[in-house]
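Notes for the one structure printed next.
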Protein chains: 2
Amino acid sequence: MSQRPTLADVASAAGVSVSTASLAFSGAGPIADATRQRVLDAAAELGYSGPNPLGRQLRSGRSGIVGVVVGDALRRSFRDPVSVQLLDGLVDTIGPLGLGVLLIPGPTSPGGPAVDPLVEAAAMDVAVMLWGGTLDDPTLEALARRGIPVVVVEGHELSGVVTVGIDDRGGVAELAAHLRDLGHRRVATVTLPFGPERQGGLADLARREQIAWSIPRRRLEGLLDAGVEPVGVYEAPASLVEHGSAAARALLSGPPETRPTAVVAQSDMLAAGVVLGARELGLRVPEDVSVAGFDGLDLPWLAPDTLTTVVQPIAEKGATVGRVIQAVLAGEHPADDVLPVSLRVGTTTTAAPGA
Amino acid sequence: MSQRPTLADVASAAGVSVSTASLAFSGAGPIADATRQRVLDAAAELGYSGPNPLGRQLRSGRSGIVGVVVGDALRRSFRDPVSVQLLDGLVDTIGPLGLGVLLIPGPTSPGGPAVDPLVEAAAMDVAVMLWGGTLDDPTLEALARRGIPVVVVEGHELSGVVTVGIDDRGGVAELAAHLRDLGHRRVATVTLPFGPERQGGLADLARREQIAWSIPRRRLEGLLDAGVEPVGVYEAPASLVEHGSAAARALLSGPPETRPTAVVAQSDMLAAGVVLGARELGLRVPEDVSVAGFDGLDLPWLAPDTLTTVVQPIAEKGATVGRVIQAVLAGEHPADDVLPVSLRVGTTTTAAPGA
DNA sequence: ACCACCGTTCGAATCGATTCGATCGGCGCC
DNA sequence: GGCGCCGATCGAATCGATTCGAACGGTGGT
């Protein structure tokens with residue numbers, strides 16, 4: 001037999017019907033031990049390694065696949081450990097449920113199609129969007145058209161999709177209050193990209209009106225909540241160390257009288273870049289300038305320094321997404337979830353100079 | 001209609017047979033423009049968003065899925081950018097072919113099952129193993145039993161699987177010759193883990209006999225090829241910065257007379273850790289100790305230093321894997337592939353002290 | 001006017017498994 | 001000894017699409 005054996009082959013070899021053979025593998029339904037053994041022996045004999053997943057999937061209508069839409073090319077998206085740790089928590093949670101993760105790149109090039117072909121045609125039971133998009137996100141629209149339920153991480157409160165997020169606004173507010181209490185009056189901030197166009201550079205007030213994505217907006221609002229009006233806003237095109245360094249050069253090059261005494265970055269990668277960039281400018285951290293981040297990453301290459309940062313439970317967030325997926329597949333309509341964050345004071349912040 | 005519409009629904013709404021309706025979507029086979037348009041209109045009317053992938057997959061026997069077995073938990077595996085960039089190159093190449101990547105964690109916990117359930121049961125047309133395993137790898141066995149073709153990255157030359165690798169032995173030899181020419185006589189090395197048990201620490205000769213994985217072996221052999229017999233071998237449990245720092249503490253704590261004047265690390269992450277660890281010990285790099293790595297990563301947080309390293313074409317390796325997959329799916333038996341590497345001299349190596 | 005041919009469309013088989021209702025056989029109870 | 005029940009097994013329908021050979025209608029040529 002040149003073809004791989006099917007359940008029918010095994011059944012006839014074992015002298016039973018296909019339905020009985022199916023029972024022997026699935027274990028659902030009554031079957032005599034002797035019969036099951038006979039089927040399994042026949043299977044081993046024929047080199048049959050279990051039911052073909054495609055047949056099973058068609059019948060059950062389930063593919064067992066969770067599509068994860070990454071917001072960018074992998075190499076960029078996964079350079080920030082946040083995405084990776086989240087994915088890890090997700091995989092750990094849904095693995096035991098028999099679900100697997102299909103990676104779907106976000107919009108790759110400006111010239112290319114708006115959505116990856118996988119979004120249009122791949123088999124999946126549910127989709128997850130890291131870095132939740134906006135309401136008119138073409139990916140979101142395509143998934144809705146296909147009737148695929150969506151879980152959005154850190155998105156707007158959208159109708160028809162479930163979101164899992166954190167209290168980033170409150171966390172930043174707490175951080176800002178900490179800096180305020182340390183005497184900082186000139187605070188600059190480095191933000192995550194405002195939208196898919198990913199501009200980089202100092203953002204004036206007009207630009208700040210155009211924030212499409214919710215994370216940079218909420219974290220900016222957190223500052224204001226604590227009464228901290230930033231003296232400079234730098235929009236990073238991605239959450240990467242080099243963009244943090246560029247931000248430092250842009251924000252900290254002025255004379256000491258007007259130079260910010262503290263910089264709040266919206267991610268730890270950016271904050272680390274700010275620290276390195278500040279040092280390149282000859283500034284001491286934290287004596288000349290305090291730097292704080294967001295995420296609570298472990299950055300061994302920054303040792304012996306540790307960032308002052310807002311710690312978010314990343315793996316737990318991934319696990320929460322996993323549980324939400326489970327609920328959605330069970331036909332439930334889970335509520336949006338917001339996880340708590342906490343301030344961790346490290347060695348990169350101290351009292352403002354002269355305060 | 002509570003159910004989602006099927007092709008049959010669309011066909012009857014358009015007044016044609018299902019076979020004709022299928023032709024309208026697939027474009028394979030002759031169909032009158034007017035008829036196709038009628039079918040597409042009916043589909044739009046019913047909210048039918050294209051053929052159900054599960055039905056198509058069963059019929060064609062293809063799932064369009066490439067299973068990628070990551071050698072470890074994601075959060076660890078993807079902390080080294082090498083895996084991520086490789087995956088990125090792979091995704092870029094197979095995406096246009098209509099293929100998607102299913103992430104499959106490697107052996108997670110020592111107590112757990114030897115292979116992830118996805119390896120046993122997930123639908124996939126071909127599997128890729130990052131960090132190729134050994135001959136008796138249970139994952140490899142399971143895939144062989146299922147008849148799923150396998151492409152191994154950086155593995156042994158195995159029968160029945162295609163491997164894609166680089167000339168790491170030659171690259172390390174070139175690097176070692178460079179150090180030798182700089183006058184270094186006491187060279188230590190930090191290796192990648194020898195096998196799945198991932199021990200960490202100084203490796204004596206007995207341990208060096210037990211190298212199960214091929215990468216650490218070949219890169220070690222590269223040293224010997226250049227006539228460099230390492231005065232110390234430190235086995236890292238993973239390719240992470242902190243393990244490099246630990247290696248530096250273990251290898252470089254002795255008195256200057258016996259201390260190695262150069263350290264060759266088998267990855268850039270390890271090398272970066274060695275640089276940081278050496279500095280913590282009060283040693284200057286490269287004046288007191290030269291450090292070299294492998295991979296050719298861009299490490300902005302090491303600025304202004306740049307590692308002396310062996311550059312491998314990571315994205316190109318991923319693209320090669322993609323092309324090999326394409327060939328395998330076309331029924332061909334592509335040959336093993338070995339990509340070239342090149343030495344890049346940075347600021348972390350210089351002449352040996354006193355040489 | 002008939003035939004051959006070509007471009008379209010249709011019917012039916014097929015992919016590989018799951019599942020429900022029906023059937024079969026054996027056993028216990030009256 | 002017969003009836004009923006229960007556990008085990010079987011048949012057939014079903015999931016949703018693709019594909020191949022057959023049928024069909026219309027046109028052009030003789």
Side-chain angles (χ1 to χ4, degrees), chain A residues 1-40 42-43 46-64 98 120-125 146-147, chain B residues 1-40 42-43 46-64 98 120-125 146-147:
Chain A
M1 174 161 10
S2 66
Q3 299 289 344
R4 292 195 65 74
T6 73
L7 192 58
D9 299 324
V10 174
S12 79
V16 300
S17 71
V18 280
S19 34
T20 304
S22 174
L23 257 32
F25 282 99
S26 70
I31 185 173
D33 284 342
T35 310
R36 187 206 340 268
Q37 197 54 52
R38 203 144 41 86
V39 172
L40 296 181
L46 292 176
Y48 179 82
S49 56
N52 182 322
L54 296 179
R56 182 213 302 278
Q57 288 172 13
L58 173 59
R59 180 64 230 238
S60 67
R62 286 277 172 87
S63 62
E120 301 281 11
M124 53 185 136
D125 299 336
R146 290 187 59 190
Chain B
M1 177 161 7
S2 67
Q3 299 289 344
R4 292 194 65 75
T6 72
L7 191 58
D9 298 325
V10 174
S12 81
V16 300
S17 70
V18 280
S19 35
T20 303
S22 174
L23 258 31
F25 283 98
S26 69
I31 186 173
D33 284 343
T35 310
R36 187 204 343 267
Q37 198 52 53
R38 202 144 42 85
V39 173
L40 296 181
L46 293 176
Y48 179 81
S49 58
N52 183 323
L54 296 179
R56 181 213 302 277
Q57 288 172 14
L58 173 60
R59 181 63 231 241
S60 66
R62 285 277 173 88
S63 62
E120 301 282 10
M124 53 184 136
D125 298 336
R146 291 187 58 190

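Chain identifiers are assigned alphabetically (A, B, ...) following the order of the sequence lines, protein sequences preceding nucleic acid strands; residue numbering begins at 1 within each chain. Any value given below was found using the heavy atoms of this structure, including those in side chains, with hydrogens, waters and symmetry copies removed.
Residue contacts shown for A/Ile31 are limited to sugar-phosphate atoms, with no base heavy atom under 4.0 Å away.
One interatomic measurement links the two molecules: CG of B/Leu54 to C1' of C/dC15, which rounds to 13 Å at whole-angstrom precision. Look at CZ on A/Arg62: it is 24 Å from P on C/dG16, rounded to the nearest Å. A/Gln57 places its CD atom 18 Å from the P atom of C/dC15, with the value rounded to the nearest Å. A/Leu58 has its CG atom 9 Å from the P atom of D/dA17, to the nearest Å. As rounded to whole Å, 16 Å separates atom C1' of D/dC15 from atom CZ of B/Arg4. Residue A/Arg38 contributes atom CZ, which lies 14 Å from atom P of D/dA8 at whole-angstrom precision. Rounded to whole angstrom, the span from the CG atom of B/Asn52 across to the P atom of D/dT14 amounts to 18 Å.
Counting only heavy atoms from C-beta outward, the side chains of B/Val39 and B/Val10 approach each other to under 4.5 Å. Put simply, the side chain of B/Ser63 reaches to within 4.5 Å of the side chain of A/Leu54, judged on heavy atoms. Here the side chains of B/Arg56 and B/Ser26 are not in contact, with every heavy-atom distance at 4.5 Å or above. When side chains are defined from C-beta on, A/Asp9 counts as touching A/Leu46, because their heavy atoms get closer than 4.5 Å.
In this view, A/Arg38 satisfies the salt bridge (charged side-chain N to carboxylate O under 4.0 Å, His left out) rule with no residue, not counting sequence neighbours.
An OP1 or OP2 oxygen of C/dA17 is reached within less than 4.0 angstrom by a side-chain nitrogen or oxygen of A/Tyr48.
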**Message:** I need a per-nucleotide contact map over nucleotides 18-25 of chain D, read 5' to 3'. Cutoff is protein heavy atoms under 4.0 Å; write B for the base, S for backbone only, - otherwise.
**Reply:** BB------
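Sorted by first then second residue, the salt bridge (Lys or Arg N to Asp or Glu O under 4.0 Å) pairs that include residues 10-35 of chain B, not counting sequence neighbours, are B/Asp33-B/Arg36.
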